[in-house]
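In this chain, residues are counted from 1 in sequence order.
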Amino acid sequence: MADEEALWDLRHLAQARGLCDWMFEQFSAYARGRTVEVGAGIGTFSERLLAHGVRELMLLEPEAVCVAQLRARFGSNPRVTVVDELLPEAPSLLAWEGTADFVLCQNVLEHIAEESGAVKAMADALAPGGVVTILVPAHPRLYGRLDERYGHERRYTRKRLARVIHRTGLELVDLYSFNALGIAGWLAKSFAGKPSVSRGSLRAYEQMLPYWRAVEDRRSLPVGLSLVAHARK
């Protein structure tokens, strides 16, 4: 996907404030102290993490166009470090070995061929008691042209994600489906003439989300567009 297309998608997804707030609530209880955001994009969740009160924030982002956005946005903030590195071999993350309180990895692991090495690198960065939150696309049967456009290597089952986490020696605290509301829209857009998430579809999603959240926040559903895992060192 071209850089300008990637920026368009990230900027419009950032405007889906209901969805972003809902995603943030999935991990906000663990966000504290020294925090790493893997795949920070244009800083949509970085801003929320800083407002939440994390003491120090490392933003790990390999895409040059996103790194430029992050440095323009947070370069003057003494609490923030922006690094243009890739997992699993990220020197800056290695330098934090055993010191991070929280690591966030949202919609990133599915892009990385060496998924086990990437999770091991995040686990190694954690201090004892530290937590990593991983959000990934769920259900391999949903894999389609939209996944291909976004460069996804795979979609996950619960079993696969749990296995990758257990291999690092982390304790799996919770693993659950998230955002079942998004499944129908994702399928529809995957089979569209040009697979993409449009402004109109995001607007429609945002209008339905408050009613859907009232359902999903009360009960654990067996399906969702994504999986969320929390694991502790």
Side-chain angles (χ1 to χ4, degrees), residues 1-31 37 39-52 63 65-66 69-70 73 104-111 133-152 155-156 158 174-230:
M1 185 164 49
D3 286 350
E4 287 305 315
E5 284 185 292
L7 274 181
W8 189 96
D9 284 338
L10 288 170
R11 285 169 178 161
H12 284 86
L13 285 169
Q15 290 175 15
R17 298 194 66 86
L19 173 59
C20 292
D21 288 344
W22 193 25
M23 290 172 68
F24 186 78
E25 287 181 16
Q26 304 311 303
F27 59 81
S28 60
Y30 300 108
E37 185 182 0
I42 59 172
T44 300
F45 291 93
S46 317
E47 187 175 78
R48 286 170 168 83
L49 286 165
L50 290 167
H52 188 68
E63 298 296 332
V65 66
C66 292
Q69 294 277 315
L70 291 171
R73 190 171 183 179
L104 175 63
C105 179
Q106 292 189 111
N107 293 319
V108 173
L109 196 60
E110 65 273 15
H111 295 272
T133 290
I134 300 173
L135 184 148
V136 292
H139 306 296
R141 290 184 180 181
L142 291 179
Y143 192 95
R145 292 169 61 206
L146 202 50
D147 292 279
E148 292 173 357
R149 179 175 183 263
Y150 287 131
H152 294 174
R155 298 185 74 91
Y156 283 83
R158 292 188 186 212
D174 204 359
L175 173 58
Y176 56 93
S177 297
F178 174 71
N179 189 21
L181 178 63
I183 292 176
W186 183 270
L187 283 172
K189 292 299 179 180
S190 288
F191 292 102
K194 181 183 179 182
S196 64
V197 177
S198 68
R199 187 180 305 174
S201 61
L202 282 174
R203 188 181 304 116
Y205 174 92
E206 286 282 293
Q207 289 172 348
M208 291 185 287
L209 182 57
Y211 306 101
W212 178 255
R213 279 195 61 178
V215 175
E216 193 165 320
D217 284 347
R218 283 201 305 267
R219 57 167 49 184
S220 178
L221 299 181
V223 296
L225 187 62
S226 302
L227 288 169
V228 177
H230 306 296

Engineer: Enter the distance from Phe45:CZ to Asp21:CG here, rounded to the nearest 0.5 Å.
Structural biologist: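 Nearest 0.5 Å value for the CZ-CG distance: 8.5 Å.
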Engineer: Do Leu135 and Gln26 touch side chain to side chain, with heavy atoms closer than 4.5 Å?
Structural biologist: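 Contact flag for Leu135/Gln26 side chains = no.
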Engineer: Side-chain contact test, heavy atoms from C-beta onward, threshold under 4.5 Å: evaluate it for Tyr30 versus Leu104 and give yes or no.
Structural biologist: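 In short, these two side chains do not touch, never coming nearer than 4.5 Å.
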Engineer: Provide the closest heavy-atom pair for Ala31 versus His52 in the form atom of the first, atom of the second, distance.
Structural biologist: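 Looking at all heavy atoms of both residues, the shortest contact is O-CD2, 3.3 Å.
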Engineer: Is any side-chain heavy atom of Gln207 less than 4.5 Å from a side-chain heavy atom of Arg203?
Structural biologist: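 When only atoms from C-beta onward are counted, Arg203 and Gln207 do touch, with a gap below 4.5 Å.
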Engineer: Can you check whether Met23 reaches Asn107 side chain to side chain, under 4.5 Å on heavy atoms?
Structural biologist: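 With C-beta onward as the side chain, the pair touches.
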Engineer: Atom CD of Glu63 and atom CG of Leu70: how far apart are they, to the nearest 0.5 Å?
Structural biologist: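 Those atoms lie 11.5 Å apart.
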Engineer: Taking C-beta and beyond as the side chain, do Cys105 and Thr133 meet within less than 4.5 Å on heavy atoms?
Structural biologist: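 No, their side chains stay 4.5 Å or more apart.
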Engineer: Taking only residues two or more places apart in sequence, or in another chain, which ones meet Glu206 in a salt bridge (Lys or Arg N to Asp or Glu O under 4.0 Å)?
Structural biologist: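 In terms of salt bridge (Lys or Arg N to Asp or Glu O under 4.0 Å), with neighbours along the sequence ignored, Glu206 is linked to no residue.
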Engineer: State the CG-CG distance between Leu181 and Leu19, to the nearest 0.5 angstrom.
Structural biologist: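 Output value for this atom pair is 9.0 Å.
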Engineer: Among all residues two or more places apart in sequence or in another chain, which pass the side-chain contact (heavy atoms from CB on, under 4.5 Å) test with Arg213?
Structural biologist: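 Arg213 satisfies side-chain contact (heavy atoms from CB on, under 4.5 Å) with Trp22, Glu25, Leu209, Asp217 once adjacent residues are dropped.
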Engineer: Does some side-chain heavy atom of Asn179 sit less than 4.5 Å from a side-chain heavy atom of Tyr205?
Structural biologist: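 Yes, close enough: below the 4.5 Å cut-off.
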Engineer: Which heavy atom of Leu175 sits nearest to which heavy atom of Ala229, and what is that distance?
Structural biologist: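 Minimum heavy-atom contact is CD1-CB, 3.8 Å.
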Engineer: Mind checking what makes side-chain hydrogen bond (donor to acceptor under 3.5 Å, both in side chains) contact with Ser46, not counting sequence neighbours?
Structural biologist: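 Partners of Ser46 by the side-chain hydrogen bond (donor to acceptor under 3.5 Å, both in side chains) criterion, ordered by chain and then number, come out as Glu37.
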Engineer: Look up atom CG in Leu227 and atom NE2 in His139, then write down how far apart they are to the nearest 0.5 Å.
Structural biologist: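 So the CG of Leu227 and the NE2 of His139 are separated by 6.5 Å.
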Engineer: Taking all heavy atoms of His152 and all of Asp147, pick out the closest pair and write down the distance.
Structural biologist: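 Minimum heavy-atom separation between His152 and Asp147: ND1-OD1, 2.8 Å.
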Engineer: How long is the straight-line distance from OH of Tyr176 back to OG of Ser226, given to the nearest 0.5 Å?
Structural biologist: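 That separation rounds to 10.5 Å.
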Engineer: Any chance you could measure Asp174, atom CG, to Phe27, atom CZ, to the nearest 0.5 Å?
Structural biologist: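 Going from CG on Asp174 over to CZ on Phe27, the span is 15.0 Å.
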Engineer: Quick one, Leu221 and Glu216 - any side-chain contact, counting heavy atoms below 4.5 Å?
Structural biologist: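 Answer yes - side chains close enough.
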